[in-house]
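Accompanying notes for the structure given below.
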Amino acid sequence: MSASIESLVNKEYAYGFVSDIDADTIPKGLNEDVVRLISAKKNEPAWLLEWRLKAYRRWTTMTEPHWANITYTPVDYQNLRYYSAPKSVKPLQSLDEVDPELLKVYGKLGISLNEQKRMSGVAVDAIFDSVSVGTTMKEELSKHGVIFCSFTEAVHNHPELVQRFLGSVVPYSDNFFAALNSAVFSDGSFCYVPKGVKCPIELSTYFRINAAETGQFERTLIVADEGASVSYLEGCTAPKRDENQLHAAVVEIIALDDANVKYSTVQNWYAGDKEGVGGIYNFVTKRGKAMTNAKISWTQVETGSAITWKYPSVILQGDNSTGEFYSVAVVNNKQQADTGTKMIHIGKNTKSTIISKGISAGQGQNSYRGQVKVLPKAENARNYTQCDSMLVGNKCGAHTFPYIEVGNNTATLEHEASTSKIGEDQIFYCKARGLSAENAISLIVSGFCKEVFKELPMEFALEAQQLLGITLEGSVG
Amino acid sequence: MLKIENLHANVGDKEILKGISLTVNAGEVHAIMGPNGSGKSTLAQVIAGHPGYEVTSGSVIYEGADLLALQPEERAQHGIFLAFQYPVEIPGVTNAYFLRSAYNEIRKARGEEEVDPMDFLDLMEQKIKLVEMDEAMLHRSVNAGFSGGEKKRNEILQMAVLAPKLAILDETDSGLDIDALRIVAHGVNQLKRPDNATIVVTHYQRLLNYIVPDFVHVLAAGRIVKSGGKELALELEAKGYDWITEAA
């Protein structure tokens, strides 16, 4: 046993934990000692522990927000476990051991057999393509000076970068969930693209191959230095289960002068059963800051989770900066989503685009909530918002909450909204051409979402489209 | 090919078809005529399997099997094609993509291999000439913003690509100017083969100047009240429907 682990074990004991507890988990509940313990287990520097503690102390003074258009059983924060070391799962021997339902979904998504194995935890041969591809990518990235690693690694290997940017866009005091995340975050990803470098690889591709184990409180920090650019994709179309019901992630993006960051998400966490039992509560804070001439673009496809509370936003700090938000949110059965964006125009000639497509089926409730704020000094700000809702069936709901605050009369804002119902006549038309109901819905819905799908990295666009079809399966006739 | 016997069908509680019997053989063109509200379109929709109609009695045998037991998509996969009176818009889905999806799904159902986008585009380019449509239409959303005539031509394009055994044209002539009518009719005639059949549902005789039927049936109040050859259509044009419907 290494010295550091030994000291940890002793520390645990010193804090009075009963000795029969597995060394890699800690008791339920949250207090300063738990925060210290998490930090110690990760062997973090003092400044980070200090930051976590400040966040924790602030969190204790905050109350859970209830303005969103969602209802759920209250979370008992003292009944959660805030740290467990990544478990080593015994690999399965073949796909025969994997849940056939899961394989069916993989098949429908068109995921290759090798990838199916990897995603379902089947042991793969060491010469399996992705391993070598992964290594090649890592070499390629480091050749260009791009840092792409786990958050924990970044804290140890690039503390100056983490310290400089952590909390600079989403301060720990930002909101209840962000404060909680700041206090107890487990791990996440860190990406830094140096000055003038165009990241040579779509980091989405990388992610497909090294699907990082995402924790309950994930923390991501992406920095594109001056003139740099990067495209990043998190998540996966394959369904993902997690025993932890509460997820509170934070993602911060910093695009310095002339930088360009494109961040895409496909979220397909467990949504609960048809009656709404189980399912992930997904309370996420995502925000980017764009400096002069910089551009930040969010694209999200949200199909999973029982509850989604998420507003990827852009602070348009620098002159001529651009913010974009493209979103598809689907709710079926008893899922609820309250999602949208905030575009804060601070610099001159700043420009933002919001395209939101909400699809509600079953008894799902889907809300778009968006804020466009133009500060007094933001001369010539421009925003275009398009917000479309589609209803499938009679028991679902679509809601729109746009907030517009304009403090400068040179601003130009456009807002378009529409609500449509997927018609029996459309479905019959498709069927009369030989398409199954399932394919018909998938086709109609993907047509509805076209403007968003075209923003996704190529290889994901088709999968996302299939995913929509699967999510809406059984919602019509 | 198709044998309809004593077919009754309802919308809600209202009986629309009140005992239709009709036999269509390969190679034949049948025209179904009749005044508004006689049940012409209902017959077309029932054959295609529209869920809004309930068959209360009677049978429809297609190629020796019970057609009514099949889902609409299965009917299409077995070679039945309905050219809609009111083609439906599907925003965001291109014509080419829609047709390729349909084409491949039908091929898949028949155990044939799917066709890749490039080969399919070649097929489309060849078929689109038949209806004198601009190729740009292939890349526009299905029927969205199409004029009435464009929608109808698009239906015939779909028919040309899917090459059905039994095509039903539901008032394809309504709302067409004379040029469009000629183009649509030309398309249909080009697609005629000895092993397929066409049912033309129409209110007016004028389409039948271009698509010459082997048989004409007059539908009134849910029944076929008169059948005859192509000359019956001309007679109807001259005398109207009253003399038949009253006699019936």
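Throughout, protein chains are lettered first and strands after them, A, B, ... in sequence-line order, and every chain is numbered starting at 1.
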Within-4.5 Å side-chain heavy-atom neighbours: [X] and [Y]:
X	Y	answer
A/C430	B/I90	yes
A/L435	B/F98	yes
A/F428	B/P72	yes

- line: Here the pair of heavy atoms bringing A/A432 nearest to B/A76 is O-CB, 3.4 Å

query: Of the backbone (N, CA, C, O) and the side chain (C-beta and beyond), which part of B/A144 lies under 4.5 Å from a heavy atom of chain A, both, or neither?
result: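 Neither the backbone nor the side chain of B/A144 comes within 4.5 Å of chain A.
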
- request: Could you look at B/P87 and say if it's the side chain, the backbone, both or neither that has a heavy atom under 4.5 Å from chain A?
  value: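 Both parts, heavy atoms under 4.5 Å.
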
- request: Would you mind telling me which of A/G434, A/C449, A/A440 has the largest number of heavy-atom pairs within less than 4.5 Å of chain B?
  value: A/G434

Present all donor-acceptor pairs from chain B to chain A with distances below 3.5 Å, rounded to 0.1 Å.
residue : atom : partner : partner atom : Å
B/Q77   : NE2  : A/G434  : O            : 3.0
B/L82   : O    : A/R433  : NH1          : 2.9
B/L82   : O    : A/R433  : NH2          : 2.8
B/E89   : O    : A/Q426  : NE2          : 3.0
B/G92   : O    : A/K450  : NZ           : 3.3
B/Y97   : OH   : A/Q465  : NE2          : 3.1
B/E105  : OE1  : A/N439  : ND2          : 2.5
B/E105  : OE2  : A/S436  : N            : 2.9
B/E105  : OE2  : A/N439  : ND2          : 3.2
B/N143  : ND2  : A/Y429  : OH           : 3.2
B/E155  : OE1  : A/R433  : NH2          : 2.7
B/E155  : OE2  : A/Y429  : OH           : 2.3
B/Q158  : OE1  : A/R433  : NE           : 2.4
B/Q158  : NE2  : A/Y429  : OH           : 3.1

